[in-house]
Trainee: 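Below you will find the structure I want to go over with you.
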Amino acid sequence: MSPSQLAFDRDHLWHPYTSLVDPLPVYPVASAEGYRLRLADGRELVDGMSSWWSAIHGYNVPELNAALQAQSRKMSHVMFGGLTHEPAVALGQRLVDITPDGLDRVFLADSGSVSVEVAMKMAVQYQHALGHRNRTTFLTVRGGYHGDTTGPMSVCDPVTGMHQLFAGFMPRHEFYDRPPGGYAAALDPDYVAGLETFFQRHADRSCAFIVEPVVQGAGGMHFYSPAYLEVFRALCDRHGLLLIYDEIATGFGRTGTLFVGGDAGAGEGQSRHRPDIMTVGKALTGGYLTLAATLCTARVAETIGRSEASVLMHGPTFMGNPLACAVAVASIDLLLSSGWREDIARIAAGLERHLRPAARKESVKDVRVLGGIGVVECRDPVDVARIQAQFVAEGVWVRPFGRLVYVMPPYVISDAALELLCRTVVKYV
Ligand SMILES: *Cc1c(COP(=O)(O)O)cnc(C)c1O
């Protein structure tokens, strides 16, 4: 890229969560292959981010390239209103197959945020269909992240989501504390009692409880025990709320199970954990194209279908895009045949071994590892521009936010590259 192109980028293109007055530096990428990004100046970086959870197989994946090319020769897109096609059906079948039992009605959405919008509309329409027209509030916990469009933003953490700024524009929902930290921690009875009171106070005007199960991602990289999922399920049942799991970040194996809400493949107690509605996205297409899905139970779909409105009120232009569906089918097939469990176990072991030592540093408050996710929580906010320049000079790509320096590499990362990634993080935090 020429200096004038970079200058255009700086002056005219918004990047995620940046300013056009004083933007953070950006690094031009020319290509990517496996777990490496190649910068325009020829330098190669080990990718620690999987392009925000999505590129689980790495980049330039022959199977995914082939699926995309084959589909593009048939058709890249047709409207989904009144038409259907093989890639959408094949994807729907796979999603029903691999997600927790009972989630067998599928809405294909064009991004994670949109899939959460759809989940929220489903919940409102469901309650409306039951005659509960005033049940339009959502209950959730602090520290969540559900996307950037208005509906999802209204259930994101009020502080990091800057709810103050958007007050008056955004609907108001009800927040309780996030579950105490620690994947292996015992259930905290005081927390559970407080959550019960919270449900009692708000349930009669609420339609659903929405959470990221076990791992809160962009809201703070917080891990909590799956034991709380049973509490959520029980409270929702007692008070007539739907339970929505946002598995956009956790889905497709990242935490060590295919989905947190019950690993369909292994049948791990899924009935107690099963949500009524679930969103998936990010890794759905292996990081190739934007696509997400909202799955729900037959009960939710049938209640909406038999209501006065009768239809689910959503239908994006690019719904069920054949290219995206075809590459998602190829990505899921590749995942299931790839030995992902072994890869995640291997990455978890590497993170324990090479990232955990960061805990000894004065600047570090906590180090936590779950599956293919490693988090270093610093005591103070990190200087993103400075630390990224140091990382790039060492040949790794990591994008910290706030006090968090975290990695979730592609599942195909080599042991040596993972070690370099971790050692570099430990060196500069
Ligand atoms: C990224 C993310 C979203 C939003 O997805 P987009 O594709 O960026 O709109 C929603 N929920 C969770 C948990 C996410 O991690």
Side-chain angles (χ1 to χ4, degrees), residues 14-18 49-56 99 107-123 138 140-158 160-162 170 173 175 178-179 208-224 229 232 243-255 257-261 275 277-295 314 316-319 321 324-325 327-328 331 370-373 375 399-402 404 406-408:
W14 256 301
H15 286 260
Y17 288 95
T18 60
M49 302 303 291
S50 300
S51 285
W52 279 334
W53 314 83
S54 66
I56 53 175
T99 53
F107 188 100
L108 297 170
D110 28 14
S111 75
S113 300
V114 172
S115 72
V116 174
E117 296 277 6
V118 170
M120 294 175 79
K121 286 165 86 168
M122 275 179 189
F138 285 83
T140 187
V141 295
R142 295 195 183 88
Y145 178 77
H146 298 286
D148 289 346
T149 58
T150 320
M153 190 169 66
S154 69
V155 286
C156 286
D157 183 78
T160 58
M162 289 213 206
M170 240 174 24
H173 300 298
F175 294 81
R178 66 188 187 183
F209 181 68
I210 179 168
V211 278
E212 296 156 273
V214 173
V215 176
Q216 291 187 309
M221 301 301 291
H222 178 75
F223 305 159
Y224 62 89
L229 304 180
F232 299 161
L243 176 59
I244 305 175
Y245 280 176
D246 179 347
E247 292 228 31
I248 292 170
T250 50
F252 302 101
R254 178 56 72 180
T255 68
T257 58
L258 209 43
F259 296 94
V260 175
I277 300 176
M278 171 171 158
T279 57
V280 297
K282 287 201 162 98
L284 174 59
T285 64
Y288 266 54
L289 286 168
T290 177
L291 184 69
T294 312
L295 289 99
H314 210 93
T317 306
F318 287 98
M319 185 167 180
N321 175 257
C325 289
V327 77
S331 176
L370 181 65
I373 314 167
V375 183
R399 179 166 173 96
F401 71 83
L404 300 167
Y406 63 102
V407 296
M408 56 257 186

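Order of listing sets the numbers, starting from 1, for every ligand and every atom in it.
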Trainee: Return the residue, atom name and 0.1 Å-rounded distance of the protein heavy atom closest to atom 7 (O) of ligand 1.
Mentor: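 The protein heavy atom lying closest is G112 N, 2.9 Å.
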Trainee: Heavy atom to atom 12 (C) of ligand 1, shortest distance: which of D246, T279, V215, L291 holds it?
Mentor: D246
Trainee: With side chains defined as the heavy atoms from C-beta onward, is the minimum distance between V260 and Y245 less than 4.5 Å?
Mentor: no
Trainee: Which heavy atom of S50 sits nearest to which heavy atom of R254, and what is that distance?
Mentor: OG-NH2, 3.2 Å
Trainee: With atoms numbered from 1 as shown, which atoms in ligand 1 lie under 4.0 angstrom from a non-hydrogen atom of E212?
Mentor: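 Answer for ligand 1: 13 (C).
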Trainee: Tell me which part of W52 gets within contact of ligand 1: side chain, backbone, both or neither, using heavy atoms under 4.0 Å.
Mentor: neither
Trainee: Please list, in number order, the atoms of ligand 1 under 4.0 Å from a heavy atom of K282.
Mentor: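 Checking each atom against K282, I get 1 (C), 2 (C), 3 (C), 14 (C), 15 (O).
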Trainee: For ligand 1, which atoms, with element, lie under 4.0 Å from some heavy atom of H146?
Mentor: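 The atoms of ligand 1 under 4.0 Å from a heavy atom of H146 are 10 (C), 11 (N).
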Trainee: Taking only heavy atoms of G147 into account, list the atoms of ligand 1 that are under 4.0 Å away from them.
Mentor: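 Answer for ligand 1: 4 (C), 10 (C).
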Trainee: Could you work out, for atom 4 (C) of ligand 1, the closest of P213, P152, S113, S115 by heavy-atom distance?
Mentor: S113
Trainee: Work out which heavy atom in E247 is nearest to a heavy atom in G261; give both atom names and the distance.
Mentor: OE2-N, 2.7 Å
Trainee: Just say parallel, tilted or perpendicular for the rings of H314 and F107, cut-offs at 30° and 60°.
Mentor: perpendicular
Trainee: Is it the case that the ring center of F209 lies less than 6.0 angstrom away from the ring center of F232?
Mentor: yes
Trainee: Roughly how far, to the nearest 0.5 Å, is OG1 of T294 from CD1 of I248?
Mentor: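 It comes to 7.5 Å.
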Trainee: Is there a nitrogen or oxygen of W53 sitting under 3.5 Å from a nitrogen or oxygen of ligand 1?
Mentor: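 In this structure, W53 places no N or O atom under 3.5 Å from an N or O of ligand 1.
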Trainee: Hey, which of L229, T255, T250 is the one that makes side chain to side chain contact (heavy atoms under 4.5 Å, CB included) with V214?
Mentor: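 Only one of L229, T255, T250 forms a side chain to side chain contact (heavy atoms under 4.5 Å, CB included) with V214, namely L229.
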